[in-house]
Amino acid sequence: MSILLRQVKIADPASPFHGKVKDILIKDQEIHSITDHFDGKADFIFEKPGTVVSPGWVDPFVHFCDPGMENRETLVTGAAAAQKGGFTTVFNIPNTHPITDNKSQVTYTKQQSNHLPINVYPIGALSKKIEGKDLAEMIDMFNNGAVAFSDGLHPVQSTLLFLKALQYVKAFDGVVIQMPIDKSLGSLGLMNEGVLSTQLGLPGIPAIAEELIISRDIELLKYTQSKLHITGVSTAKGIAMIAAAKKDGLNISCSVTPYHLFFTEEDLKEYNTLLKVFPPLRTKKDQEALLKAVEDGTVDCISSHHLPQDWDAKTIEFENAKAGIASIETCFSAVLEKLPKLTEEKIASLFSNNARQIFNLPTTSLIEGATAELTLFSLTENTTMSKSDSSSKSANSPFWNISLKGKVIGTVAKNTLHINS
């Protein structure tokens with residue numbers, strides 16, 4: 001099997017061809033040659049002016065609901081949606097039924113991934129049954145393919161347990177992922193706490209509910225000298241604390257979602273249940289701080305936090321609606337719409353290279369002999385998606401029918417060229 005990408009611009013700081021327009025020949029899942037002009041034959045030839053190619057994108061926090069909630073999403077439909085969004089590798093959170101807290105559940109996801117068009121890595125639960133009481137079988141899960149450890153949508157509240165987890169993963173250079181919410185302060189809230197929540201008559205989740213957990217976890221990280229990734233950061237103070245921890249030399253990284261960059265609490269004035277998320281949408285000031293943190297490098301990764309929900313989970317009163325956005329297909333364009341000056345180099349780092357380094361993934365680069373795992377995109381075209389365009393089983397997206405900058409052209413993964421229609 002051979003694939004020829006003709007006259008594509010390479011976006012990969014690790015490649016000697018970075019910033020150059022080249023022909024890329026792929027044979028049997030490997031980059032065979034990178035030349036100015038390739039005159040030979042190939043089984044598949046792709047050519048589209050203005051196409052940029054980078055190492056395949058990585059999403060470190062998605063919920064594909066499989067096993068146990070296949071009515072919302074499956075590994076098959078989730079992988080198809082991820083591929084449409086330009087992702088060649090994703091991390092599936094452990095909030096499944098049964099919980100991914102043992103090696104058999106990790107093996108299930110890994111085996112299913114072998115038959116999917118992209119790589120789906122399981123995140124192992126940090127605690128048994130995600131109850132936050134006892135450590136799960138992390139070493140067994142790691143040895144069977146778990147890429148990191150987290151309780152996913154149920155952040156660990158116990159200081160002692162989180163300390164033990166940070167200490168435990170040091171034995172195999174593992175990474176702990178935490179979504180920062182103090183449940184004792186935020187369990188009853190529906191949106192950001194402030195003047196607007198009072199006006200709308202909705203109980204709020206204060207910014208301090210996030211910032212206390214970030215502060216605590218940074219202190220535990222100092223004590224253990226382990227590795228921590230905080231995902232879904234939503235407040236200005238939270239991102240500032242992470243920036244300070246990085247300056248102190250701690251092994252800390254973070255990711256933000258496209259919807260925290262795109263929307264604010266002001267967008268909830270019409271009680272749009274599609275925008276009910278945790279952590280909640282914050283203030284304009286918080287949004288501006290996150291956007292600046294993406295630009296200055298404080299934010300390491302973009303994560304879609306793809307969380308499909310049934311139709312009736314969103315078509316209901318705001319108070320009773322479930323949280324989450326099916327956001328993986330529009331992730332890139334939503335980010336680029338708010339940050340139109342992102343360079344190709346920065347996009348490669350945010351969407352691919354940083355995550356690969358943080359989570360010890362197999363490296364891939366635009367060099368001859370490397371594994372061909374690539375994302376093709378355009379900075380000049382626009383994207384407008386609707387439910388009919390989506391590959392996901394769920395339609396809980398506020399991004400439908402909005403014109404967004406940038407477009408995912410396709411992917412190369414597992415010896416297959418996939419071009420979006």
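- Heavy atoms of other residues, nucleotides or ligands lying less than 6.0 angstrom from NZ of Lys338 number more than 12.
- Between Lys246 and Asp300 there is a salt bridge, since a side-chain N of the basic residue sits under 4.0 Å from a carboxylate O of the acidic one.
- Around the CZ atom of Phe172, the shell of radius 6.0 Å holds more than 12 heavy atoms that belong to other residues, nucleotides or ligands.
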Verdict with reasoning, Ser54 to Asp12, per side chain to side chain donor-acceptor pair (under 3.5 Å) | CA-CA 6 Å; Ser54 76; Asp12 180 12; over 6 Å; no
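- Side-chain contact of Ser392 with Glu73: a donor-acceptor pair under 3.5 Å is present, judged by distance alone.
- Side-chain polar atoms of Glu373 and Thr88 form a donor-acceptor pair below 3.5 angstrom.
- Proximity of the aromatic rings of Phe359 and Phe91 is defined here by a centroid distance below 6.0 angstrom, and this criterion is met.
- For Asp173 and Lys227, the salt-bridge test passes: some basic side-chain N is under 4.0 Å from an acidic carboxylate O.
- Using cut-offs of 30° and 60° on the angle between ring planes, the pair Trp57 and Phe351 is tilted.
- No side-chain heavy atom of Asn251 sits less than 4.5 Å from a side-chain heavy atom of Ser226.
- A donor-acceptor contact closer than 3.5 angstrom links the side chains of Asp310 and Asn71.
- Residues Leu361 and Tyr121 are in side-chain contact: their nearest non-hydrogen atoms beyond the backbone lie under 4.5 Å apart.
- Counting non-hydrogen atoms of neighbouring residues, nucleotides and ligands closer than 6.0 angstrom, the NZ atom of Lys9 reaches no more than 12 such neighbours.
- Side-chain contact between Leu366 and Ile31 is present, with at least one heavy-atom pair separated by less than 4.5 Å.
- Between the side chains of Ser327 and His305, no donor-acceptor pair is found at a separation under 3.5 Å.
- Asn92 and Thr109 form no side-chain donor-acceptor contact under 3.5 Å, judged by distance and modelled atom types alone.
- For Glu288, the CD atom sits in a packed shell: over 12 heavy atoms of surrounding residues, nucleotides or ligands are nearer than 6.0 Å.
- Contact of the Pro308 side chain with the Lys393 side chain is not registered, since no non-hydrogen atoms from C-beta on lie closer than 4.5 Å.
- Taking the side chain as every heavy atom from C-beta outward, Thr383 and Phe399 never approach each other to under 4.5 Å.
- A salt bridge does not link Arg216 to Glu219: none of the charged side-chain nitrogens sits closer than 4.0 Å to a carboxylate oxygen.
- For the residue pair Thr315 and Asp312, no side-chain donor N or O sits within less than 3.5 Å of a side-chain acceptor on the partner.
- The structure places NZ of Lys414 at 12.5 Å from OG1 of Thr371, a figure rounded to the nearest 0.5 Å.
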May I have the step-by-step check of side chain to side chain contact (heavy atoms under 4.5 Å, CB included) for Leu212 and Leu185, ending in yes or no?
-> CA-CA 10 Å; Leu212 282 175; Leu185 291 175; 3.6 Å; yes
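- Comment: Arg282 does not engage Glu265 in a salt bridge, judged by the lack of any side-chain N to carboxylate O separation of less than 4.0 angstrom.
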Could you check Thr96 against Phe64 for side chain to side chain contact (heavy atoms under 4.5 Å, CB included), going step by step and ending with a plain yes or no?
-> CA-CA 9 Å; Thr96 50; Phe64 284 172; over 6 Å; no
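- Side chain to side chain, Thr235 and Glu211 meet the donor-acceptor criterion of an N or O pair below 3.5 Å.
- Side-chain N/O atoms of Lys183 and His154 include a donor and acceptor closer than 3.5 Å.
- Residues Gln225 and Lys170 have side chains in contact (heavy-atom distance under 4.5 Å, counting atoms from C-beta outward).
- Dense packing is recorded around CD of Glu30, with more than 12 heavy atoms of other residues, nucleotides or ligands lying under 6.0 Å away.
- Defined by atom type and a distance below 3.5 Å, a donor-acceptor pair is present between the side-chain atoms of Gln287 and Lys284.
- The cationic group of Lys407 does not satisfy the cation-pi geometry with Phe377, failing either the under 6.0 Å distance to the six-membered ring centre or the 45° limit from the ring axis.
- In this structure, the side chains of Thr330 and Trp400 come closer than 4.5 Å at one or more pairs of heavy atoms.
- Taking the side chain as every heavy atom from C-beta outward, Tyr259 and Leu275 never approach each other to under 4.5 Å.
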Test side chain to side chain contact (heavy atoms under 4.5 Å, CB included) on Gln178 and Leu228 and set out the steps.
-> CA-CA 8 Å; Gln178 177 86 302; Leu228 172 65; 4.3 Å; yes
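- With Ile230 as the partner, the side chain to side chain contact (heavy atoms under 4.5 Å, CB included) test is satisfied by one option alone out of Leu221, Ile214, Ile239, Ile213: Ile214.
- Between the side chains of Asp23 and Thr35, not a single donor N or O lies within less than 3.5 Å of an accepting N or O.
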